[in-house]
Amino acid sequence: MLPIIPYPAFCRRLAGSFSLGEETRISADASFLPAAELTVGRLRVPMCLPLVIEPASEPANIRFVKDAGIEDPEAYTLRVDESGVEIRASGEAGAFYGGQTMLQLLPPAVFDSVPRHDAEWAIPFVEIEDRPFFKWRGAMLDSARHFQPVSFIRKFIDVLAQHKVNVFHWHLVDDQGWRIEIKKYPLLTEVGSRRSDTLSGHWFHPRKHPDGQPHEGYYTQEEIRELVAYAAVRNIQILPEIEMPGHAQAAIAAYPHLGLLPEAAPVSTTWGVHKTLFNTKPATFEFLEDVLDEVIALFPFPYLHIGGDEAVKDQWQASAETQAHIRELGLADEHELQCWFIKKMSGFLQSRGRKLVGWDEILEGGLGEGAVVMSWRNRDGAIEAAEKGMETILCDQNFLYLDYYQQENTGDELLAIGGNTPLEKVHSYNPFPPEEGTPEKLAHALLGLQAQVWTEYMPTTSRLEYMTFPRMCAFAEVAWSGAGRPDYADFLDRLRPHLRRLDVQDIRYRSP
Ligand code: TNX
């Protein structure tokens, strides 16, 4: 099989191949110019050719053609024969994906950033018809526990796009760091983006100790705007996440009046579930709405993630003021207060034309249509969400957490958080085995799947890459190719040449 990952819905190889060279001419429909440019831009340096893109009216042997007859804007067809390469799509996304598949039909050297005189630039004759199985193919990156530089975020977006992932869920704040510039509240980054040190060794380990290294970093609004645009032309939307009411320790360290203790805890230097919560006073909601207004202005994606996970209620329980608030609102307990909190934010986001996304804990309080649930603990949250009329995304930790160990015998592995999601397990992910079928309600409500990269134990970007790849490649195939994907042995065959593509892009991975 041709080494394409994720594998296309239909692919037939024909005898022969088409060679690219000095005489190659390229044309594109005007609306496909960015997609064509992103494809051809890859060829120029390794092939040492100028390769200009001409209007669709010009004769050419790589053609990006608009075809309104293709229903899904992310779908495309790709045909290679004696006349050259023809990519057809109705939408810019489809044209971009057709281009990405074409690159995978060329030698891995095409992903290199230096001239490659050793490569033979031939594309096999082929007929491909391709479309995504799931509409939401997400990848979450935690930039709060460890900060990654902008150059890395760009690299990460590049690789996701090559795998036809279309949502980059950006976990921007947590107990250990606030990483997004908010103009109205400068202390969020001045104070909240810095911590004195970081836990070295595992959180559960008796000999864990502070590493003595301060850790800091945040993204300016200018950088974020550029990244949003950079992702958009690669058919990736960025979903920002601002955590509440828990995972809020960095925010409260910066603005102690948002919390419940007379003296706020500092930006956290350890992992695990923390007890720090936002209080429920009007000033806190004013703060949160101001923050979200700035976030909304930066990210055009109609969805916005407010976390909602792991908010242990001790501080609300212990606070006389919060207890009085619960009674005043006529609520039964702290759990109902959490629901009230999330509902309030959902109403606010709706008033701004955005949909609230939250981790499956937001189900605990009767949120209804309009909210989106990310089901992380298992698939039950997704089923429950669908029954309640909400859209949902499967993020199942047992299969899609890429911070878990990559083999059963964890003794040989670099330190990780725990769990076990080897490559084969990720590739095998099938939330609804055929004998069970997908619950009918869920079939409509399920937007798609998402892989998670939490970075507690990924202090460097090379460690992050080692944990992410090639599991992200397997995930992408599950999300794009769906139930009809080739089996794991076939995936491994295609993965071998695929890893050469990662090599020339200087991406680390765990050798399968
Ligand atoms: C649980 S998943 C968390 C994160 C951790 C992760 C580690 C979720 C909504 N919360 O805060 O980083 O486990 O695997």
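For ligands, and for the atoms within them, numbers begin at 1 and follow the listed sequence. Just so you know, residue 1 is the first one in the sequence shown, and it goes up from there.
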- line: The answer for which part of Q452 has a heavy atom under 4.0 Å from ligand 1 is neither

message: Angle between ring planes, F287 versus Y255, binned at 30° and 60°: parallel, tilted or perpendicular?
response: tilted

Plane angle bin for H171 and H247 - parallel if under 30°, tilted between 30 and 60°, otherwise perpendicular: perpendicular

query: In terms of atom number and element, which parts of ligand 1 are under 4.0 angstrom from non-hydrogen atoms of Y401?
result: 2 (S), 8 (C), 14 (O)

task: Answer with side chain, backbone, both or neither: which part of D403 has a heavy atom less than 4.0 angstrom from an atom of ligand 1?
output: side chain

- request: Can you label the angle between the Y488 ring and the H427 ring as parallel, tilted or perpendicular, going by 30° and 60°?
  value: tilted

- prompt: In a check of ring pair (Phe, Tyr, Trp, His ring centres under 6.0 Å) between W480 and each of W136, F134, F133, Y97, which one passes?
  reply: Y97

task: Check E241 against W359 and note the closest heavy-atom contact, atom names and distance.
output: OE2-NE1, 2.9 Å

- prompt: In terms of side-chain geometry, is the basic nitrogen of R131 or D72 positioned less than 4.0 Å from the acidic oxygen of its partner?
  reply: no

statement: Quick note on ligand 1: atoms under 4.0 Å from a heavy atom of E456 include exactly 5 (C), 7 (C), 12 (O)

query: Among side-chain atoms of Q162 and R501, is any donor-acceptor pair under 3.5 angstrom?
result: no

statement: Near W359 (heavy-atom distance under 4.0 Å), the atoms of ligand 1 are 9 (C)

message: Quick test: of every protein heavy atom, which one is nearest to atom 1 (C) of ligand 1, and how far off is it to 0.1 Å?
response: E310 OE2, 3.4 Å

Test: E391 and K135 ion pair at under 4.0 Å: no

message: Distance under 4.0 Å to a non-hydrogen atom of H247: what atoms of ligand 1 satisfy this?
response: 11 (O)

Nitrogen or oxygen atoms of D309 and ligand 1 under 3.5 Å apart: yes

Contacting atoms of ligand 1, where contact means under 4.0 angstrom from a heavy atom of I417: 7 (C), 14 (O)

message: Does ligand 1 come near enough to R145 that some N or O of the ligand is less than 3.5 Å from an N or O of the residue?
response: yes

- prompt: If we only count N/O pairs under 3.5 Å, is W376 in contact with ligand 1?
  reply: no

